[in-house]
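In each ligand, atom 1 is the first atom listed, and ligand 1 is the first ligand listed. These values consider heavy atoms only, across backbone and side chains, with no hydrogens, waters or symmetry-generated copies.
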Amino acid sequence: KLRYVVDKSKRQRWPRHVIEVEAMFGLYRVMSFTAIILAAGKGTRMRSALAKPLHQVGGRAMLSWSIDAAMAAGAERIVTVLSPDSEDIQTWLDGAPFAIQHEQHGTGDAVAAARDSVGTGDGIAIIMFADTPLVTSQSLTALADCVASGASIAIAGFEPADPAGYGRLVPDKDGGITRIVEHKDATAEERRITLCNGGIMAVRTPALFDRLSRITNDNAKGEYYLTDIVGLAVADGQQVRHVVIAEDEIMGVNDRIDLARAEAALQSRLRHAAMESGVTMIAPETVFLAADAVIERDVIIDPHVVIGAGCHIGEGSMIRAFSHLEGAKLGACCVIGPYARLRPGTDAEEGVKIGNFVETKNTRLGAGAKANHLTYLGDAEVGSHANIGAGTITCNYDGYGKFQTLIGDSAFIGSNSALVAPVSIGARAIIGAGSTITSDVDEDSVALARAGMTEKAGAARAFRDRRDKDTGSKS
Ligand code: UD1
Ligand code: CA
């Protein structure tokens with residue numbers, strides 16, 4: 001069986017600012033409710049050995065997005081409903097509460113499985129789907145508000161470009177909803193309704209569980225539909241309302257094509273948030289951002305740049321075309337790329353320049369240090385204003401362990417030098433081009449480690465004369 005590395009197989013606890021980015025898309029309001037996230041479906045259309053909720057959007061598992069949206073909206077408790085064979089998700093949840101739905105008999109049956117975890121006290125539950133990762137905390141709050149102000153159920157409604165496949169919200173005369181009819185069960189006339197069920201709903205408890213115990217599976221799919229609680233609530237004389245939510249929030253991921261669509265929608269959100277906060281993007285549609293990227297104002301990002309997880313880019317920096325960054329921290333006014341690769345642990349102070357075909361990993365660079373061309377810096381500390389010549393390599397690995405290279409302030413490393421770690425180059429030292437440095441160099445020294453050069457005057461001409469004679473040709 002294939003094994004996947006999923007978020008290091010544990011749920012990542014995202015730093016506060018990430019949750020705030022989420023909240024930034026809407027009004028941040030804390031409202032007490034329990035979130036029930038349905039994740040027990042088989043997800044067969046993904047055609048994957050990996051559980052659908054662990055597939056990633058924006059570099060994070062879909063389930064992570066649902067959980068964090070619920071947290072940002074102020075969920076008091078979050079219960080994920082899983083199938084019995086969901087060990088991978090259980091491991092990933094890392095101790096967070098879950099309930100098991102023993103057999104997959106539909107969304108109503110799945111919510112009922114959370115009954116013991118949720119409890120039967122008076123409150124509000126928001127039912128979410130693990131395959132709907134882009135819903136915002138603002139929308140969840142709007143649904144919870146609607147129930148807090150008197151509705152028994154508040155449904156996330158939307159008007160999709162193509163309503164086929166979705167449940168339809170059947171209206172009454174006063175703008176309320178009388179019931180939800182699933183596409184498969186709908187009459188031709190009901191299928192003409194364009195207002196659809198986004199799946200997410202806020203519901204009063206304990207009435208929710210009472211109604212779930214009364215629904216049947218007498219329908220086209222032979223399943224217990226969660227959506228049937230709407231008709232029951234109306235029959236009980238309760239108010240059911242809906243809140244209209246944008247399609248790109250409600251978009252469900254059923255297959256890899258949907259997954260790519262969700263990624264595109266999320267990327268567009270992240271780019272907009274970055275541009276709104278003062279970042280220039282020459283061709284935003286070609287820039288890919290991890291959800292936790294922190295990019296300060298007046299950063300300029302050229303086309304075709306990937307900013308992976310864990311990056312912080314300081315004010316006024318420039319990220320030039322085709323650069324790839326992960327886990328990199330940059331101070332103000334750095335210039336990166338084109339074609340630079342910054343790997344985790346790169347930590348550059350202000351004004352650092354990292355140019356084309358330079359790779360950095362686990363390396364600190366002091367203010368104004370430069371590595372402009374064709375270099376590998378791994379497990380290194382580079383002092384401020386040091387200059388790393390083209391083709392310099394820190395030889396940090398001997399096949400067993402990793403070793404450090406220390407380069408002092410204003411040191412000058414000549415082109416094509418190999419610095420064999422562990423090694424230390426003092427401040428202001430100069431390393432002659434082409435050197436292989438295997439022991440420490442003092443500050444202010446010049447070190448040179450290469451074969452001496454010889455020159456034989458006229459030897460080139462003598463060589464050609466001899467070869468011309470041998471072959472009968474003339475140069
Ligand atoms: C559901 C709604 C439909 C709505 C659509 C929006 C019902 C009956 N229908 O349909 O009105 O328009 O979502 O996307 O609710 N799940 C379980 N256990 C189960 C079945 C499903 O946990 O036994 C979970 C799935 O993992 C998924 C979610 O519930 O996260 C939705 O299930 P899915 O089968 O995709 O529902 P739809 O047919 O899309
Ligand atoms: Ca679905």
[X] atom [atom1]: more than 12 heavy-atom contacts under 6.0 Å:
| X | atom1 | value |
| --- | --- | --- |
| Arg45 | CZ | no |
| Lys361 | NZ | yes |
| Asp398 | CG | yes |
| Arg214 | CZ | yes |

When you measure from the heavy atoms of [X] to every atom of ligand 1, does any distance fall below 4.0 Å?
| X | result |
| --- | --- |
| Thr227 | yes |
| Asp109 | no |
| Cys196 | no |

Next on the checklist: Enumerate the ring pair (Phe, Tyr, Trp, His ring centres under 6.0 Å) contacts for residues 311-352, please, sequence neighbours excluded, ordered by first and then second residue.
Outcome noted: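 For residues 311-352: His304-Phe322, Phe322-Tyr339, Tyr339-Phe357.
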Examine [X] against ligand 1 and note whether any of their N/O atoms are separated by less than 3.5 Å.
| X | value |
| --- | --- |
| Phe129 | no |
| Thr107 | yes |
| Tyr225 | no |
| Leu226 | no |

Next on the checklist: Using side chain to side chain donor-acceptor pair (under 3.5 Å), reason through Asn396 and Gln404 one step at a time and then give a plain yes or no.
Outcome noted: CA-CA 6 Å; Asn396 61 328; Gln404 272 242 310; over 6 Å; no
Checklist entry - Any idea which protein heavy atom is nearest atom 12 (O) of ligand 1, and the distance to it? => result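 Here the nearest protein heavy atom works out to Asn197 O, 2.6 Å.
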Checklist entry - What is the nearest protein non-hydrogen atom to atom 16 (N) of ligand 1, stated with its residue, atom name and distance? => result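 For this ligand atom, the closest protein heavy atom is Gly41 N, 3.8 Å.
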For ligand 1, note which part of [X] has a heavy atom under 4.0 Å away: side chain, backbone, both or neither.
| X | value |
| --- | --- |
| Ala40 | both |
| Lys221 | side chain |
| Glu223 | neither |

Suppose I only count heavy atoms of [X] and a 4.0 Å limit; which atoms of ligand 1 are within that range?
| X | answer |
| --- | --- |
| Ala130 | 30 (O) |
| Ala39 | 22 (O), 26 (O) |
| Tyr166 | 6 (C), 12 (O), 14 (O) |
| Ala110 | 17 (C), 18 (N), 22 (O) |
| Gln101 | 17 (C), 18 (N), 19 (C), 22 (O), 23 (O) |
| Gly198 | 6 (C) |
| Gly167 | 3 (C), 4 (C), 11 (O), 12 (O) |

Item to check | Contact bool for atom 30 (O) of ligand 1 (protein heavy atom, d < 4.0 Å) | outcome: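 When distances to the protein are checked, atom 30 (O) of ligand 1 has a heavy atom within 4.0 Å.
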Next on the checklist: Any protein heavy-atom neighbour for atom 18 (N) of ligand 1 (distance below 4.0 angstrom)?
Outcome noted: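 Within 4.0 Å: yes, protein heavy atom nearby.
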Checklist entry - So does Asp379 pair up with Lys402, basic N to acidic O under 4.0 Å? => result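 So Asp379 does not pair with Lys402 through a salt bridge.
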Next on the checklist: Between Arg343 and Glu359, does any NZ, NE, NH1 or NH2 come within less than 4.0 Å of an OD or OE carboxylate oxygen?
Outcome noted: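 Yes, this pair counts.
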Checklist entry - Honestly, is Arg271 close enough over Phe288, meaning NZ or CZ under 6.0 Å from the six-membered ring centre and within 45° of the axis? => result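 Pair Arg271/Phe288 counts as cation-pi.
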Checklist entry - What's the verdict on side chain to side chain donor-acceptor pair (under 3.5 Å) for Arg241 and Ser152, showing C-alpha distance, side-chain angles and the deciding distance? => result CA-CA 8 Å; Arg241 288 168 53 194; Ser152 182; over 6 Å; no
Next on the checklist: Pairing donors with acceptors under 3.5 angstrom, does anything connect the side chains of Thr360 and Thr363?
Outcome noted: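 No donor-acceptor contact under 3.5 Å links the two side chains.
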Item to check | Donor-acceptor pair between Tyr225 and Asn217 side chains, under 3.5 angstrom | outcome: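 Per modelled atom types, Tyr225 and Asn217 side chains form no pair under 3.5 Å.
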Checklist entry - Stepwise, does the ring-ring contact (aromatic ring centres under 6.0 Å, His included) test hold for Phe158 with Tyr166? => result CA-CA 10 Å; Phe158 75 126; Tyr166 289 109; 4.9 Å; yes
